[in-house]
Each structure stands twice: as structure tokens, then as C-alpha cells.
Amino acid sequence: QVQLVESGGGLVQAGGSLRLSCVASGGTSSDYALGWFRRAPGQERQFVAGVSGSGGRTYYKDSVKGRFTISRDNAKNTVYLQMSSLKPEDTAVYYCAASFGTIAQTTGILAAAAVDSWGHGTLVTVSS
């Protein structure tokens, strides 16, 4: 079982930037994909970005492509989400996720149903 702890959320103005971090403990880091999901008020949790176990492949939700960048440092057991050009519609609780599934581990594409571990979430609020 992998434990995940997020940090880096906060309040930012539209057009600003934030970097989220998630430290993983337990297991061998390269054995699982890591990713970020978010849940906006009144909405279901949605996939945002994912990175393969090696860090070589990434995958993004269409609405964040070109604005968000996911990366991981397996030596530090940490995944990052650099968010730029933030919009009010990016306001949500952001959750770190880990998946040992083969597809996720090799492609960075995480499905919520295949997530093995979730973090507790960190709130990002973008003001207009």
C-alpha cells in the first residue's frame, strides 16, 4: 500500500501559478503510476494528469494541456503538478493518486476505478 501526502494548494489569482507536490511512501516508486485528479464543487472527481512509473510518459486532460505540467522524481518519491495560467474553473480539491495497473504504469493514463491509493487532497482556489 502506498501512502500519499499532498501539499502546495492555496489561493491564487486568475493567470497565476501554483505547484502541487505529493510525497509517496511504501513500495518501489517506479512500480506505479502517479497522477492528479480534482473535484470541483458539485462535480465528480475528474482525471487531470498522470505520469508513468518511469516518468517517461505523461497524459493530460484536454482542458489543462499547455497549462499544467506533471513530473516525478523517483529518487524523492515525489510527483509534482506545475499549474500555470490558472483559471477560476480550475478551482477544486486536487487529489494525488497512485496506480499499479499495467496500463497506468506504462502510459500514465489513470482511471479512477484503477487507482490503488489516494491522498487526502489539497484545495486550490483561483479567484477572478
Side-chain angles (χ1 to χ4, degrees):
Q1 187 74 10
V2 176
Q3 291 78 45
L4 304 169
V5 179
E6 305 101 331
S7 62
L11 173 65
V12 64
Q13 288 188 331
S17 299
L18 276 178
R19 188 176 80 158
L20 306 182
S21 301
C22 173
V23 178
S25 58
T28 300
S29 187
S30 60
D31 285 348
Y32 50 87
L34 288 167
W36 293 91
F37 288 72
R38 69 186 182 189
R39 176 178 284 153
Q43 297 185 22
E44 294 187 355
R45 186 156 44 187
Q46 297 179 335
F47 172 79
V48 176
V51 58
S52 62
S54 69
R57 298 188 68 176
T58 58
Y59 192 77
Y60 296 91
K61 174 182 174 69
D62 283 347
S63 62
V64 307
K65 286 180 181 177
R67 300 189 299 122
F68 291 10
T69 302
I70 190 170
S71 61
R72 67 187 292 167
D73 183 339
N74 283 347
K76 296 181 178 179
N77 296 324
T78 302
V79 61
Y80 306 96
L81 185 68
Q82 178 66 48
M83 305 184 293
S84 302
S85 301
L86 283 161
K87 304 175 181 180
E89 51 263 44
D90 294 317
T91 294
V93 177
Y94 283 72
Y95 297 89
C96 183
S99 173
F100 286 88
T102 300
I103 293 176
Q105 200 271 344
T106 56
T107 67
I109 301 173
L110 282 77
V115 168
D116 296 292
S117 298
W118 294 98
H120 292 295
T122 185
L123 177 63
V124 172
T125 303
V126 184
S127 64
S128 58

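The analysis underlying the following values was restricted to heavy atoms, covering all of them including side chains, and did not include hydrogens, waters or symmetry mates. Quantities reported herein were computed from a predicted structural model and do not represent experimental measurements.
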Backbone N/O of I70 and side chain of Y60: donor-acceptor pair under 3.5 Å: yes
Exam field: side chain S99 to backbone A114, donor-acceptor pair closer than 3.5 Å: yes
V93 reachable from V79 in the ILVMFWY side-chain graph, under 4.5 Å edges: no
Nearest-0.5 Å distance that lies between atom CG in L20 and atom CZ in F68: 8.0 Å
Atom pair OG/CZ of S52 and R72 - distance to nearest 0.5 Å: 7.0 Å
Non-hydrogen atoms of L4 and C96 that approach each other most closely: CD1-O, 3.6 Å
Taking every non-hydrogen atom, the tightest pair across D31 and Q105: O-CG, 3.3 Å
Polar side chain donor-acceptor pair, S17 to Q82, under 3.5 angstrom: no
Ion pair check, D90 and K87, cut-off under 4.0 Å: no
pair R38-V64: side-chain heavy atoms closer than 4.5 Å: yes
Spatial distance of atom CG (L18) from atom OG1 (T122) [nearest 0.5 Å]: 9.0 Å
Spacing of NE2 belonging to H120 relative to CD belonging to Q3, to within rounding of 0.5 Å: 9.5 Å
N/O donor-acceptor pair under 3.5 Å between N74 side chain and G53 backbone: yes
Side-chain donor/acceptor of R67 to backbone N/O of S85, under 3.5 Å: yes
R57 (side chain) donor-acceptor with I109 (main chain) under 3.5 angstrom: no
For D116 against G101, the heavy-atom pair lying closest together: OD2-N, 4.2 Å
Over 12 foreign heavy atoms within 6.0 Å of OH, Y59: no
Non-hydrogen side-chain atoms of E89 and S63 separated by less than 4.5 Å: no
Nearest non-hydrogen partners of Y80 and S21, listed with the distance: CD2-OG, 3.4 Å
Close side-chain approach of W36 to M83, heavy-atom, < 4.5 Å: no
Selection residues 90-112 - residue pairs positive for ring pair (Phe, Tyr, Trp, His ring centres under 6.0 Å), sequence neighbours left out: Y32-F100
Nearest heavy-atom neighbours spanning V2 and G26: CG2-O, 3.5 Å
Minimum heavy-atom distance between V48 and F37, given as atom pair plus value: CG2-C, 3.9 Å
Close side-chain approach of C22 and L34, heavy atoms under 4.5 Å: no
Greater than 12 external heavy atoms within 6.0 Å of L123's CG: yes
